[in-house]
Amino acid sequence: MGRQQVRIEWRLRKVMASRDVWATKELRELLIQRAGYELSLQAVSDLMKKQPVQVKMATLQALCTTLRCTPNELFGIDTPREVSLVGEPDNAEPRGEQ
């Protein structure tokens, strides 16, 4: 039986749309105005077009400040039934040991 992984969905465009923010340039300008955070147009475009491999904490904070949202709104989580985010099952292997 294979392991099912928690899937994380990057929802930046959905959050932007719900705030009536549509364009890369508009988001970039709002990041500067509201959060004092400057990203290149290409970096903002990349965040909008594809799910990032990693997001710097400073970028996440700036996006949340700018869009007046929480990280929970930016990340959608799809958890398989076998996975519990609350606690480890009794038979879980200790972390770091395999």
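Count residues from 1 along the sequence. The shown structure was predicted, so the numbers you read here are calculated from the model rather than taken from an experiment.
- Each side chain to side chain donor-acceptor pair (under 3.5 Å) pair with one or both residues in residues 23-33, not counting sequence neighbours, appears once here: Arg28-Glu38.
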Contacts table for residues 46-54: side-chain donor-acceptor under 3.5 angstrom, sequence neighbours left out:
{"unit_1": "Asp46", "atom_1": "OD1", "unit_2": "Gln42", "atom_2": "NE2", "d": "2.8"}
{"unit_1": "Lys49", "atom_1": "NZ", "unit_2": "Ser45", "atom_2": "OG", "d": "3.4"}
{"unit_1": "Gln51", "atom_1": "OE1", "unit_2": "Trp10", "atom_2": "N", "d": "3.0"}
{"unit_1": "Gln51", "atom_1": "NE2", "unit_2": "Ile8", "atom_2": "O", "d": "2.7"}

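- Shown here are the side-chain hydrogen bond (donor to acceptor under 3.5 Å, both in side chains) partners of Asp20, two or more places apart in sequence or in another chain: Trp22.
- At a threshold of 4.5 Å between side-chain heavy atoms, the hydrophobic network of Ile, Leu, Val, Met, Phe, Trp and Tyr places Leu27 and Leu41 in two separate groups.
- A search for side-chain contact (heavy atoms from CB on, under 4.5 Å) contacts involving Glu73 returns Val15, Arg19, Cys69, Thr70, not counting sequence neighbours.
- Remark: Ala43 engages Leu39, Ser40 in a side-chain contact (heavy atoms from CB on, under 4.5 Å) (not counting sequence neighbours).
- Atoms CE and CG, from Met16 and Leu30 in turn, are 8.5 Å apart once rounded to the nearest 0.5 Å.
- Among pairs with a residue in residues 39-65, none fulfils ring pair (Phe, Tyr, Trp, His ring centres under 6.0 Å), at least two apart in sequence or across chains.
- Under the side chain to side chain donor-acceptor pair (under 3.5 Å) criterion, the residue pairs touching residues 55-64 are Tyr37-Thr59, with sequence neighbours excluded.
- Rounded to the nearest 0.5 angstrom, Asp78 CG and Gln4 CD are separated by 9.0 Å.
- Contacts classified as ring pair (Phe, Tyr, Trp, His ring centres under 6.0 Å) and involving residues 49-69 (residues at least two apart or in different chains) are not found.
- Residues Thr66 and Val21 form no side-chain contact, since every pair of their non-hydrogen atoms from C-beta on lies 4.5 Å or further apart.
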Legend entry - Leu12 vs Phe75, side-chain contact (heavy atoms from CB on, under 4.5 Å): CA-CA, chis, key distance, verdict: CA-CA 8 Å; Leu12 177 60; Phe75 295 100; over 6 Å; no

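- For Arg68, there are no salt bridge (Lys or Arg N to Asp or Glu O under 4.0 Å) partners, not counting sequence neighbours.
- Applying the ring pair (Phe, Tyr, Trp, His ring centres under 6.0 Å) test to pairs two or more places apart or on separate chains, none has a residue in residues 48-71.
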